[in-house]
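The structure under discussion appears below in the form of structure tokens.
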Amino acid sequence: MTADPLSGRLLTPRSTVLPCCKVDQLVSRRRQDGRVDRVTDGRQTRNAERTRRAVLDAAVQVILDKGAAVTLAQVAAAAGVSKSGLIHHFGSRDQLVVALVEDTHERFRETVRSHLDLSENYPGKMLRAYVRALCAGSAEAATARDFTSAPMWGGLYTIPAVAPVMEENAVWWDEQLALDGISPERILIVRRAAEGIAMAAVYGEQDESSISTARDLLLELASEGTFRTPL
């Protein structure tokens with residue numbers, strides 16, 4: 001504070017008042033900066049998701065082609081990213097494998113859910129969706145058949161960190177199918193038969209006609225009934 005030279009009284013300093021137009025400009029600029037930050041963050045997130053998806057998709061194909069001895073460099077090359085870029089998303093080969101197994105499990109679950117028939121108001125709904133997913137047409141069953149071929153990935157599941165992921169997935173399916181309201185014995189037979197058919201399809205041992213016939217039989221068995229189709 002300063003003193004009035006005539007009266008000697010202390011004067012309170014006046015605050016600086018900006019014109020309304022200046023205030024509006026400052027507020028507008030801050031809002032724009034915030035929007036720019038959010039847009040930038042959104043783009044970075046989408047780019048990261050696309051890179052992660054590309055790496056996981058490439059890893060599936062490389063592992064199916066070359067087995068568990070695949071290297072990060074091979075996956076990075078197949079995904080069209082640098083090795084350092086891959087390591088940014090997956091710190092090590094084991095982390096990539098664990099993420100790949102988790103992603104494969106989740107994609108298979110989504111595939112099965114897409115085959116749920118909500119009009120079915122009788123036991124076995126999830127099991128029948130499981131059968132449809134694994135015994136669908138060749139183009140439609142790609143994700144499901146990648147899932148069934150996973151045990152053939154040559155030692156992939158011997159990685160210690162993968163075992164808990166596999167156990168968790170097995171428990172999840174046991175719980176989901178147990179809620180279907182049909183006997184455990186019927187679930188076991190239908191489930192393993194569907195997986196076997198899908199595995200045979202991977203190796204080209206079954207054509208679409210035989211797969212379709214097997215699917216129809218399993219769907220009947222998954223309905224707490226007997227086979228109506230002649231065997």
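The residues of the chain are indexed from 1 along the displayed sequence.
- Distance check, rounded to the nearest 0.5 Å: CZ of Arg186 to OG of Ser223 gives 8.5 Å.
- Summarising the geometry of Ile211 relative to Gln206, their closest heavy-atom pair is CG1-CB, 3.8 Å, with the distance given to 0.1 Å.
- What you find for Ala99 and Arg52 is that their closest heavy atoms are CB-NH2, 3.9 Å.
- The pair Glu106-Arg113 meets the salt-bridge criterion, since a charged nitrogen lies less than 4.0 angstrom from a carboxylate oxygen.
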Contacts table for residues 67-86: side-chain donor-acceptor under 3.5 angstrom, sequence neighbours left out:
| from | atom 1 | to | atom 2 | distance (Å) |
| --- | --- | --- | --- | --- |
| Thr71 | OG1 | Gln74 | N | 3.2 |
| Thr71 | OG1 | Gln74 | OE1 | 3.4 |
| Gln74 | OE1 | Thr71 | N | 2.9 |
| Ser82 | OG | Ser84 | OG | 3.1 |
| Ser82 | OG | Gly85 | N | 2.9 |

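- For the salt bridge (charged side-chain N to carboxylate O under 4.0 Å, His left out) condition, the pairs that include at least one residue of residues 55-65, sequence neighbours left out, are Arg53-Asp57, Asp57-Arg107.
- For the pair Pro123 and Asp180, the minimum side-chain heavy-atom distance is 4.5 Å or more.
- Leu134 and Ile189 fall within a single hydrophobic cluster, where Ile, Leu, Val, Met, Phe, Trp and Tyr are joined by side-chain heavy atoms under 4.5 Å apart, directly or via other members.
- Within the model, atoms OH of Tyr130 and CZ of Phe108 stand 4.5 Å from one another, a figure rounded to the nearest 0.5 Å.
- No side-chain donor from either of Ser92 and Asp94 sits under 3.5 Å from a side-chain acceptor of the other.
- Distance check: Arg109 CZ to Ser114 OG gives 14.5 Å after rounding to the nearest 0.5 Å.
- Closest heavy-atom contact between Ile182 and Ala222: CD1-O, 4.1 Å.
- Taking 4.5 Å as the limit, every side-chain heavy atom of His89 sits out of range of all side-chain heavy atoms of Val55.
- Under a 4.0 Å N-O distance rule, the pair Arg192/Glu195 qualifies as a salt bridge.
- Residues passing the salt bridge (Lys or Arg N to Asp or Glu O under 4.0 Å) test with Glu120, sequence neighbours excluded: Arg128, Arg132.
- Asp207 and Ser210 share a side-chain donor-acceptor pair at under 3.5 Å.
- Between Leu118 and Asn121 the shortest heavy-atom distance is O-OD1, 4.1 Å.
- Side-chain heavy atoms closer than 4.5 Å link hydrophobic residues (I, L, V, M, F, W, Y) into clusters, and following such links, possibly through other members, connects Trp172 to Val190.
- Leu100 and Met166 fall within the same hydrophobic cluster, defined by Ile, Leu, Val, Met, Phe, Trp and Tyr side-chain heavy atoms under 4.5 Å apart, directly or through other members.
- Looking at every heavy atom in both residues, Phe90 comes nearest to Gln95 through C-OE1, 3.9 Å.
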Notebook entry, point to check: How far apart are the C-alpha atoms of Leu179 and Met126, what are their side-chain angles, what is the distance that settles it, and do they pass the side-chain contact (heavy atoms from CB on, under 4.5 Å) test?
Noted result: CA-CA 9 Å; Leu179 295 173; Met126 180 64 83; over 6 Å; no
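- Looking at heavy atoms from C-beta onward, Leu96 lies in side-chain contact with Leu56 at the 4.5 angstrom threshold.
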Notebook entry, point to check: Which is it for Asp174 and Ile187 under the side-chain contact (heavy atoms from CB on, under 4.5 Å) test, yes or no, and what are the steps along the way?
Noted result: CA-CA 9 Å; Asp174 288 344; Ile187 291 172; over 6 Å; no
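- Closest non-hydrogen pair, Glu208 versus Ala136, comes out as OE1-O, 4.1 Å.
- Trp173 places a side-chain heavy atom less than 4.5 Å from the side chain of Arg191.
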